[in-house]
Amino acid sequence: MPDHRSYQDPFYGWTTPKAISLCVQTLKECSALPFEVIQKMIALSETQILNEQTSTSMLDILWKIAKKYSISIDQVMLIFNGFVHVLRLALKPPAAFLKPDIFKDDLRDLKFSEQIIGEFHNILFGTKRDQLYLAIQERDRPRLPSLQTFDWNLDVTLTTASLSRCIEPLLLFQFRTSDNRNLTFEVSIKKFNELRYKTALILKEMEDVDGKQALKLLET
């Protein structure tokens with residue numbers, strides 16, 4: 001059978017991220033660290049993904065690990081950050097692209113132990129799989145200002161020379177966004193109709209792409 005790596009990139013890319021390489025190196029330096037402690041740190045990395053921010057209680061646990069096993073807090077943080085980095089990178093592609101056997105092979109290439117590989121596998125293919133993907137999508141989505149208010153007016157001006165003729169009407173749009181910006185612009189009726197047409201065309205193309213059979217297969 002062909003090696004999967006001949007046609008699929010590793011989940012972490014072709015260059016090992018520094019955070020992961022430092023994690024693996026530090027694990028070797030702290031070889032006396034019991035696996036139960038490493039297991040707890042992997043579980044904490046899952047909590048970090050779901051909560052997005054490192055809580056005070058989580059930091060307290062990491063400090064206690066460093067003190068109890070006589071290793072520096074810097075080493076503990078290098079291991080922990082590496083675990084978080086593995087989860088974040090593995091959760092970036094769509095769920096359909098991450099296969100259990102391929103994921104394990106990629107982790108072996110990174111020189112993680114079989115026990116650690118098993119823990120990552122249980123997290124990424126366990127009961128919280130969908131919840132983890134949603135957390136990553138929410139964190140990585142663009143944080144653009146949202147629309148707070150929207151007003152428009154039709155501006156019709158009569159000529160001063162003779163009141164029988166009108167200048168071309170203009171549409172005036174006023175927006176207020178969530179970052180307290182006020183935006184105002186005006187367009188002619190002709191340009192506004194062009195905008196309507198192009199918007200409708202884009203929406204139609206989006207519907208056509210969404211209906212492609214290839215995309216439906218990826219979702220399954």
Side-chain angles (χ1 to χ4, degrees), residues 3-5 8-144:
D3 187 345
H4 72 84
R5 281 160 288 192
Q8 181 169 322
D9 294 350
F11 75 90
Y12 54 87
W14 285 108
T15 303
T16 304
K18 188 174 181 180
I20 295 179
S21 61
L22 287 173
C23 173
V24 174
Q25 179 184 338
T26 308
L27 283 168
K28 291 180 181 177
E29 296 170 358
C30 304
S31 57
L33 206 60
F35 177 69
E36 291 75 16
V37 176
I38 295 173
Q39 193 176 30
K40 178 182 281 188
M41 293 174 69
I42 295 175
L44 285 175
S45 67
E46 178 187 24
T47 304
Q48 167 80 355
I49 295 292
L50 293 173
N51 295 339
E52 197 167 325
Q53 293 183 346
T54 306
S55 65
T56 304
S57 60
M58 193 180 297
L59 289 173
D60 288 341
I61 294 172
L62 296 175
W63 271 104
K64 288 177 182 177
I65 291 173
K67 186 176 180 180
K68 183 175 181 179
Y69 296 97
S70 301
I71 59 178
S72 71
I73 187 61
D74 289 341
Q75 288 177 305
V76 172
M77 292 305 298
L78 284 174
I79 295 172
F80 175 69
N81 288 336
F83 290 161
V84 173
H85 210 68
V86 168
L87 291 178
R88 282 182 175 164
L89 289 175
L91 290 165
K92 273 194 170 184
F97 282 93
L98 191 68
K99 304 298 183 184
D101 292 341
I102 296 177
F103 176 64
K104 287 182 177 180
D105 286 344
D106 290 343
L107 290 178
R108 291 186 184 103
D109 290 342
L110 293 171
K111 309 303 180 186
F112 281 111
S113 70
E114 289 298 321
Q115 287 178 305
I116 291 176
I117 291 172
E119 288 299 310
F120 279 128
H121 174 272
N122 292 339
I123 289 175
L124 288 168
F125 299 94
T127 56
K128 294 184 179 179
R129 178 179 171 88
D130 292 339
Q131 191 177 349
L132 287 164
Y133 272 100
L134 287 174
I136 287 293
Q137 289 171 9
E138 177 65 20
R139 183 183 64 84
D140 291 344
R141 71 179 178 85
R143 301 287 178 175
L144 298 175

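Heavy atoms only: backbone and side chains are in, while hydrogens, waters and symmetry mates are out.
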Asks: Restricting to non-hydrogen atoms, name the atom on His121 and the atom on Phe103 that form the minimum distance, rounded to 0.1 Å.
Replies: N-CE2, 4.1 Å
Asks: With heavy-atom distances below 4.5 Å as the criterion, would you say the side chains of Thr16 and Val24 are in contact?
Replies: no
Asks: Looking at side-chain heavy atoms only, is the closest gap between Asp60 and Thr56 below 4.5 Å?
Replies: yes
Asks: Nearest 0.5 Å, what's the NZ-OG distance between Lys67 and Ser72?
Replies: 15.5 Å
Asks: If every non-hydrogen atom of Ala135 is compared with every non-hydrogen atom of Ile49, which pair is closest and at what distance?
Replies: CB-O, 3.8 Å
Asks: Looking at Val76 and Met41, what are the two nearest heavy atoms and their distance?
Replies: O-CE, 3.4 Å
Asks: About how many Å separate CZ of Arg108 and CD1 of Ile117, when rounded to the nearest 0.5 Å?
Replies: 5.0 Å
Asks: Are side-chain heavy atoms of Leu107 and Ile116 found at a separation under 4.5 Å?
Replies: no
Asks: Any idea which heavy atoms bring Leu91 and Tyr133 closest together, and the distance?
Replies: O-CE2, 3.3 Å
Asks: So, Asp101 and Lys104, do they make that salt bridge, N to O below 4.0 Å?
Replies: no
Asks: Run the numbers on Leu110 and Ile20 for side chain to side chain contact (heavy atoms under 4.5 Å, CB included), then give the verdict.
Replies: CA-CA 8 Å; Leu110 293 171; Ile20 295 179; 4.0 Å; yes
Asks: Can you tell me how far apart OH (Tyr12) and NZ (Lys92) are? Round to the nearest 0.5 Å.
Replies: 16.0 Å
Asks: Mind listing the closest non-hydrogen atom pair of Ile38 and Leu27 along with its distance?
Replies: CD1-CD2, 4.0 Å
Asks: Any side-chain heavy-atom pair from Glu119 and Phe83 closer than 4.5 angstrom?
Replies: no
Asks: Between atom NE2 of His85 and atom CG of Leu78, what is the distance when rounded to the nearest 0.5 Å?
Replies: 12.5 Å
Asks: Rounded to the nearest 0.5 Å, how far does NZ of Lys18 lie from SG of Cys23?
Replies: 14.0 Å
Asks: Taking all heavy atoms of Val86 and all of Phe11, pick out the closest pair and write down the distance.
Replies: O-CE1, 3.7 Å
Asks: From Leu89 CG over to Leu98 CG, what is the distance, rounded to the nearest 0.5 angstrom?
Replies: 11.0 Å
Asks: In the structure I gave you, are the side-chain heavy atoms of Ile123 and Lys128 within less than 4.5 Å of one another anywhere?
Replies: no
